[in-house]
2 protein chains.
Amino acid sequence: MTEASGPGGPPSPQAGRPAPRVRLVDVAREAGLSKTTVSAALNDTGRLSPEVRERARETARRMGYRPNATARHLRAGRARLIGYVVGELADAPWTFLESPYFARLTGATAASALGRGYAMVLLPAGSLQSEWAALPLDAVVVADPVADDRIVEDLVAARIPVFSDRSVEGLPEAHWVDVDATAAVHRTLDHFAAQGARRPALVVPDSTTRFHREVFAAHHDWCAAHGLPELSVRAAEPGNGPVVRAVETALTAGPERPDALFVVAEASPPLLLEAARRHGYDVPGDLLLACVSEDETALHTQPPVTTLSLRPDAVAEAGIELLVAVLEHGQRETGGVLVPVRLDVRASSVRNPGTSGAAARSQSPNTSAPPT
Amino acid sequence: MTEASGPGGPPSPQAGRPAPRVRLVDVAREAGLSKTTVSAALNDTGRLSPEVRERARETARRMGYRPNATARHLRAGRARLIGYVVGELADAPWTFLESPYFARLTGATAASALGRGYAMVLLPAGSLQSEWAALPLDAVVVADPVADDRIVEDLVAARIPVFSDRSVEGLPEAHWVDVDATAAVHRTLDHFAAQGARRPALVVPDSTTRFHREVFAAHHDWCAAHGLPELSVRAAEPGNGPVVRAVETALTAGPERPDALFVVAEASPPLLLEAARRHGYDVPGDLLLACVSEDETALHTQPPVTTLSLRPDAVAEAGIELLVAVLEHGQRETGGVLVPVRLDVRASSVRNPGTSGAAARSQSPNTSAPPT
DNA sequence: GTGAAAGCGCTAACAA
DNA sequence: TTGTTAGCGCTTTCAC
């Protein structure tokens with residue numbers, strides 16, 4: 001129990017019924033002041049004598065006064081509430097949280113928002129007008145919209161500012177933050193090549209997300225530029241089942257076996273390792289393995305798995321910063337923000353087992369091993 | 001683009017600046033009616049002639065009118081907004097989303113709430129007064145509070161209704177929904193015993209969550225009642241690293257090796273399997289394995305891992321139902337709700353490999369294999 | 001069947 | 001330095 005419920009608390013503390021909430025006017029009357037004065041005292045505005053200010057505050061505290069946020073918001077013209085929705089996975093509207101990437105992006109967005117004074121409400125993937133129409137949203141963050149996403153269209157039509165990835169570039173009241181997918185692919189494939197891989201394969205879900213389309217294109221370009229065969233398999237959907245099946249196809253389908261595998265999908269790293277072994281591969285002996293993942297299980301396998309982090313925390317941070325700039329300072333001219341990825345090289349993609357430590361990490365400048 | 005931005009839309013559609021929002025009074029003026037009438041028409045209340053009702057609606061639609069939710073909420077006296085916070089893992093306030101259990105609980109709570117017209121805002125684990133004080137919360141859901149949780153105390157002091165687990169029983173304005181932890185432990189250990197296990201070991205995090213304490217106590221009781229040794233190891237924290245280490249301790253520490261292992265912590269099933277193998281166990285030959293998990297990777301390992309589901313969806317559903325009953329119908333007398341668990345028996349805990357299918361599943365009445 | 005007016009709780013002009 | 005008053009946008013008696 002805290003002070004608020006102590007003696008001198010709200011009227012009739014032990015009354016059984018709802019007990020009406022203390023309003024500003026109640027505090028004012030009790031303190032023998034006006035609403036204005038009490039309001040100014042609590043908000044630290046206006047010119048008040050120290051004694052009066054203190055008296056007002058003390059009375060408010062004693063009475064357990066808590067300002068009515070809704071009334072403040074009505075007055076202020078905005079509710080400091082933002083929506084968060086993902087475009088992908090609309091057929092199972094809440095599964096996105098089970099993906100380590102979206103889990104982190106979601107948490108980091110909520111955290112950044114709260115840090116700037118905005119609350120974040122969770123909306124189902126692919127959500128409909130009817131699900132958010134009644135909410136006083138100041139803006140909506142749309143993570144990974146699919147091509148021609150209805151959510152984005154509806155938000156624009158409702159004139160609610162949208163914060164999303166680069167696919168919304170050019171739309172009115174839409175702003176973007178994106179990850180550098182091309183750099184992600186190139187860096188990983190360069191790393192494979194540096195380790196001597198000649199037949200790197202790619203597994204990517206068959207989605208219309210900007211990220212996945214860019215990955216696919218970047219892979220194509222890289223293979224062409226390096227004169228290497230373009231080995232890729234598209235998983236029917238994200239999710240462990242389909243991705244593992246796609247991996248198995250990639251590992252067994254061709255006439256020659258691949259010597260490196262880059263999985264650009266949220267699949268459990270231990271599961272990928274197990275799948276490779278099931279098909280007779282030694283990692284990293286026969287197959288270099290890397291995957292795009294925020295899943296910390298990658299650290300706990302034998303060998304640990306190389307991952308490419310999409311930096312959800314940085315993306316969220318940049319997105320909320322942009323949001324606040326737009327909402328509060330009316331910023332309009334923004335080219336958007338591009339966040340760099342991070343390759344964490346681990347033993348699963350390093351040929352020479354003897355140098356898996358410091359030597360392997362020097363592979364990339366912004367590579368680092370998380371401090372477990 | 002939808003109709004709202006078509007011809008006849010809001011005033012000056014292509015004006016570069018903010019463009020003030022259409023209010024009820026604007027619609028009323030445009031339609032030559034009063035605010036009252038338009039409001040009644042849009043909310044389907046009052047006695048209006050069909051023509052007038054239609055005219056009001058049509059005008060509103062044409063002008064792209066969207067009611068101001070904040071004003072409605074102020075009028076209504078509540079914001080239809082609930083908070084969601086977890087008590088555990090307060091030292092890393094957002095990691096809870098990375099646990100499949102909390103990810104599902106969170107999503108399911110948001111979904112149920114939205115279905116009943118409430119938006120859910122995400123709060124950091126162990127959050128402070130200052131983080132939610134400015135939000136117009138009608139209630140807060142506190143998942144798995146730790147013993148004497150500050151959040152619960154603060155909410156009670158602020159007189160915000162709390163919905164949590166059974167540990168809040170008896171507090172004013174607090175209501176509970178819980179999972180039957182004792183049944184969970186007993187059912188799993190009974191299953192092990194039926195498979196011939198004589199030395200089942202338990203791994204559980206060292207937390208003060210009601211669930212974990214109840215699990216520990218239930219294990220103690222069960223072992224005593226069955227005259228079997230009480231083998232248990234407490235992981236320093238939840239999370240894959242500490243739990244895997246605790247598992248390794250459980251598998252190697254004693255003079256005799258355990259013949260079954262029940263992991264009551266969110267660890268990745270493939271990782272558990274790998275750990276067991278690393279220490280020379282064949283699963284299920286030498287060791288029956290089961291874990292409390294909502295992680296679908298359990299289905300994709302060889303052998304698939306037996307899991308005990310804490311039914312986060314059912315818990316969320318029951319919790320929101322209770323919340324709505326309390327908030328909207330003033331329900332006060334409630335004993336709380338106890339949700340049953342579900343044991344999904346799979347090959348990892350079945351001795352006879354030949355009967356891993358139907359025979360194994362008949363082990364428990366409400367067991368079922370998810371329809372992947 | 002329709003409209004005028006009060007008021008939800010707060011903040012900020014403007015007066016005193 | 002402090003108080004009076006208007007008004008944010010909406011719903012809802014209560015007259016007409």
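Just so you know, these numbers come straight off a predicted model, no measurement behind them. Computation of the quantities below employed the complete heavy-atom set of this structure, encompassing side-chain atoms and omitting hydrogens, waters and symmetry-equivalent molecules. We name chains A, B, ... by the order of the sequence lines, and we start the count at 1 in each one.
We find that CZ of A:R53 is positioned 13 Å from P of D:dG3, with the value rounded to whole Å. Straight-line distance from the CD atom of A:E54 to the P atom of D:dT2: 13 Å, rounded to whole Å. Look at CG on B:N43: it is 10 Å from P on D:dC10, rounded to the nearest Å. Between the C1' atom of C:dA12 and the CZ atom of A:R47 lies a distance of 12 Å, rounded to the nearest Å. Distance, B:N68 CG to C:dC8 C1': 13 Å, rounded to whole Å. Put simply, CZ on A:R72 is 5 Å from P on C:dT11, counting in whole angstrom units. Taking atom CZ of A:R78 as the reference point, atom C1' of D:dG9 lies 17 Å away to the nearest angstrom. Nucleotide C:dC10 holds its C1' atom 15 Å from the CZ atom of A:R66, rounded to whole Å.
Here C:dC10 is the nucleotide among D:dT1, C:dC10, D:dG9 with the atom lying nearest to any side-chain atom of A:A71. With D:dT2, C:dG3, D:dG9 as the candidates, the nucleotide lying closest to the side chain of A:T37 is D:dT2. Residue A:L24 has its side chain nearest to C:dT11 when only C:dT11, C:dG3, D:dT2 are considered.
Residue-level contact check: A:R75 touches the bases, meaning some heavy atom is under 4.0 Å from a base atom. Counting non-hydrogen atoms under 4.0 angstrom, B:R23 reaches the backbone sugars and phosphates but no base. When heavy atoms are screened at a 4.0 angstrom cut-off, A:T36 is found touching base atoms of the nucleic acid.
Salt-bridge formation is detected for the pair A:R61/A:E58: a Lys NZ or Arg NE/NH1/NH2 atom is positioned less than 4.0 Å from an Asp or Glu carboxylate oxygen. Between B:D44 and B:R53 a salt bridge is recorded (basic side-chain N to carboxylate O distance below 4.0 Å).
Applying the 4.0 Å criterion to OP1 and OP2 of C:dG9, one finds that A:Y65 has every side-chain N and O outside that range.
Under a 3.5 Å cut-off, the side chain of A:D138 and the backbone N or O of A:R80 do form a donor-acceptor pair.
Comparing A:K35 and A:L48 by the nucleotide of DNA chain D whose heavy atom lies nearest to each, the residue mapping closer to the 5' end is A:L48. Projected onto DNA chain C by closest heavy-atom contact, A:S39 and B:S49 fall at different nucleotides, the more 5' of which corresponds to B:S49.
Using bins of under 30°, 30° to 60° and over 60° for the plane-to-plane angle, the ring pair A:H175/A:F163 lands in the parallel bin.
Using a 4.5 Å cut-off on side-chain heavy atoms (C-beta onward), A:V121 and A:L123 make contact.
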